[in-house]
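Everything below concerns the one structure shown next.
The basis for the numbers below is simple: all heavy atoms, side chains too, and nothing from hydrogens, waters or symmetry mates.
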Amino acid sequence: MRGAQVRPDGTTIRWVELPGTEPTRIYLHGLGASSPAYYAAVATNPVLSGQRSLLMDLLGHGISDRPTDASYTLEEHADLLAVALSAAGVSAAQVIAHSMGGAVAVVLASRHPHLVSALVLVDATLDPQPPGEGIGARYTEEQFVHGGGRSETLTRVGTAWAATMRLTGPEALYRTAAHLGRGTTPTVRELLVELPVPRTYLHPADNEPQGARALTDAGVRVVAVPEAGHNIMLDNPDGFVTATEAALRAR
């Protein structure tokens, strides 16, 4: 395990690092998840192994610190991740990012372009949530953090997701979810189509992403992975490895 201080108060982002050659690969998890838990098997697969790989836990998640005073906007996640990556000597990385982590990765590539040379987005969140959906619609932050909201959410999401979600700071989980639901300005989708780096969007074969044709027209490779749900790397590891390797090879 390694880490880098990302705020003056000592707040640290941590990751599991696999040694190898450049360019570095960065793996980013989704909301309430942890990169070592989600990516360890695929990152060590012989097809993808051999390059320096950082399985990063975003602020508030997994093995990273969980400050209660952070805003946990997508922009803050991206900016503090950039601090950690710079401290780790990373530049022009290949970023592989799932769900909420995909949104952070797009913002990172937009705000810190020198850090990203290619994006592989794994069923990533590109748009704000419709009104009335998400944690912010069910609870106030007080209800979630100090009432029964967090425990109800852990029960509702099921044991697999709850196993990593319970490691996420309550404030981090609530605020990240709320900001993910509100989205960014411009939207993550709008930022994505303007990025100059190679971009691939992996999705479950039976769930094509909204606006797939427009993404393709903007130069984003949209790739279906069979026999998988939202957690493609867990549901079909071999399919994920094959699709990711092909995405990073196609420049």
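Between the side chains of D123 and H230, at least one donor N or O sits under 3.5 Å from an acceptor N or O.
Note that CZ of R166 is 14.0 Å distant from OG of S151, once rounded to the nearest 0.5 Å. A distance of 11.0 Å separates CD in E141 from CD in Q143, rounded to the nearest 0.5 Å. H98 contributes atom NE2, which lies 7.5 Å from atom CG of L234 (distance to the nearest 0.5 angstrom). Residue S86 holds its OG atom at 9.0 Å from CG of L81, rounded to the nearest 0.5 Å. The distance from the CD1 atom of I63 to the CD1 atom of I13 is 11.0 Å, given to the nearest 0.5 Å.
Residues P209 and V222 have side chains in contact (heavy-atom distance under 4.5 Å, counting atoms from C-beta outward). Using a 4.5 Å heavy-atom cutoff, the side chains of W15 and L85 are not in contact. Contact check for S71 versus R175: no side-chain heavy atoms found under the 4.5 Å cut-off. L80 places none of its side-chain heavy atoms less than 4.5 Å from the side chain of E75. Counting heavy atoms from C-beta outward, Q94 and V120 have side chains that stay 4.5 Å or more apart. Two residues are said to be in side-chain contact when any heavy atoms from C-beta on lie closer than 4.5 Å; L202 and L121 fail this criterion. The shortest side-chain heavy-atom distance between H112 and H114 falls under the 4.5 Å cut-off. With contacts defined as side-chain heavy-atom distances shorter than 4.5 Å, the pair M100/L58 qualifies.
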Original post:
Between I26 and I96, is a side-chain contact (heavy atoms from CB on, under 4.5 Å) present by the stated rule, with each step listed?
Top reply: CA-CA 6 Å; I26 307 300; I96 302 160; over 6 Å; no

Subject >> Intermediate values then yes/no, side-chain hydrogen bond (donor to acceptor under 3.5 Å, both in side chains), T24 and E22 >> reply: CA-CA 5 Å; T24 300; E22 296 293 339; 2.8 Å; yes

**OP:** Could you give me the CA-CA distance, side-chain angles and deciding distance for L248 and R25, then say whether side-chain contact (heavy atoms from CB on, under 4.5 Å) is met?
**Re:** CA-CA 10 Å; L248 294 175; R25 286 182 181 155; 3.3 Å; yes

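Although no hydrogens or angles enter the test, the distance criterion places a donor-acceptor pair under 3.5 Å between the side chain of S35 and the main chain of M56. Side-chain N or O atoms of T21 include one that pairs as donor or acceptor with a backbone N or O of G50 at under 3.5 Å. In this structure, the side chain of W161 engages the main chain of L31 through a donor-acceptor pair within 3.5 Å. Under a 3.5 Å cut-off, the side chain of T153 and the backbone N or O of G149 do form a donor-acceptor pair. Using a distance-only test at 3.5 Å, with no hydrogens or angles considered, a donor-acceptor pair links the side chain of T44 to the main chain of A41.
The stretch residues 129-138 participates, sequence neighbours left out, in no side chain to side chain donor-acceptor pair (under 3.5 Å) pair at all. Under the salt bridge (Lys or Arg N to Asp or Glu O under 4.0 Å) criterion, the residue pairs touching residues 76-94 are D79-R111, with sequence neighbours excluded. For residues 234-248, the set of pairs meeting the side chain to side chain donor-acceptor pair (under 3.5 Å) definition, not counting sequence neighbours, comprises E245-R249. Residue pairs meeting the side chain to side chain donor-acceptor pair (under 3.5 Å) criterion with at least one member in residues 52-68, sequence neighbours excluded, are R14-D65, E17-R52, S34-D57. Under the side chain to side chain donor-acceptor pair (under 3.5 Å) criterion, the residue pairs touching residues 205-226 are T200-R221, R213-D217, with sequence neighbours excluded.
The heavy-atom pair separating V83 from V6 by the smallest distance is CG1-CA, 3.8 Å. Closest heavy-atom contact between A70 and L59: CB-CD2, 3.9 Å. Closest non-hydrogen pair, A124 versus G102, comes out as CB-CA, 3.7 Å. The two atoms that bring P198 and S117 nearest to each other are CD-O, 3.2 Å, heavy atoms only. Residues L28 and G101 share a closest heavy-atom pair of CD1-O, 3.9 Å. Closest of all the heavy-atom pairs between V223 and A243 is CG1-CB, 4.4 Å.
Between Y72 and H77, the distance from one ring center to the other falls under 6.0 angstrom.
R150 pairs by the salt bridge (Lys or Arg N to Asp or Glu O under 4.0 Å) definition with nothing, not counting sequence neighbours. In this structure Y174 satisfies the ring-ring contact (aromatic ring centres under 6.0 Å, His included) test together with F144, sequence neighbours excluded. Residues forming a ring-ring contact (aromatic ring centres under 6.0 Å, His included) with Y38 (at least two apart in sequence, or on another chain): none. For H146, there are no ring-ring contact (aromatic ring centres under 6.0 Å, His included) partners two or more places apart in sequence or in a different chain. Partners of R189 under the salt bridge (Lys or Arg N to Asp or Glu O under 4.0 Å) rule, at least two apart in sequence or in another chain, are D127. The ring-ring contact (aromatic ring centres under 6.0 Å, His included) test applied to F240 returns no partner, not counting sequence neighbours. Remark: R199 engages no residue in a salt bridge (Lys or Arg N to Asp or Glu O under 4.0 Å) (not counting sequence neighbours).
Note: the hydrophobic cluster containing V104 also contains L115 (ILVMFWY, side chain heavy atoms under 4.5 Å, direct or indirect links). Hydrophobic clustering (ILVMFWY, side-chain heavy atoms < 4.5 Å, transitive): Y39 and L167 are in distinct clusters.
Other residues, nucleotides and ligands contribute more than 12 heavy atoms inside 6.0 Å of the CD atom of E152.
Relative orientation of the Y201 and H203 rings is tilted, given thresholds of 30° and 60° on the angle between their planes.
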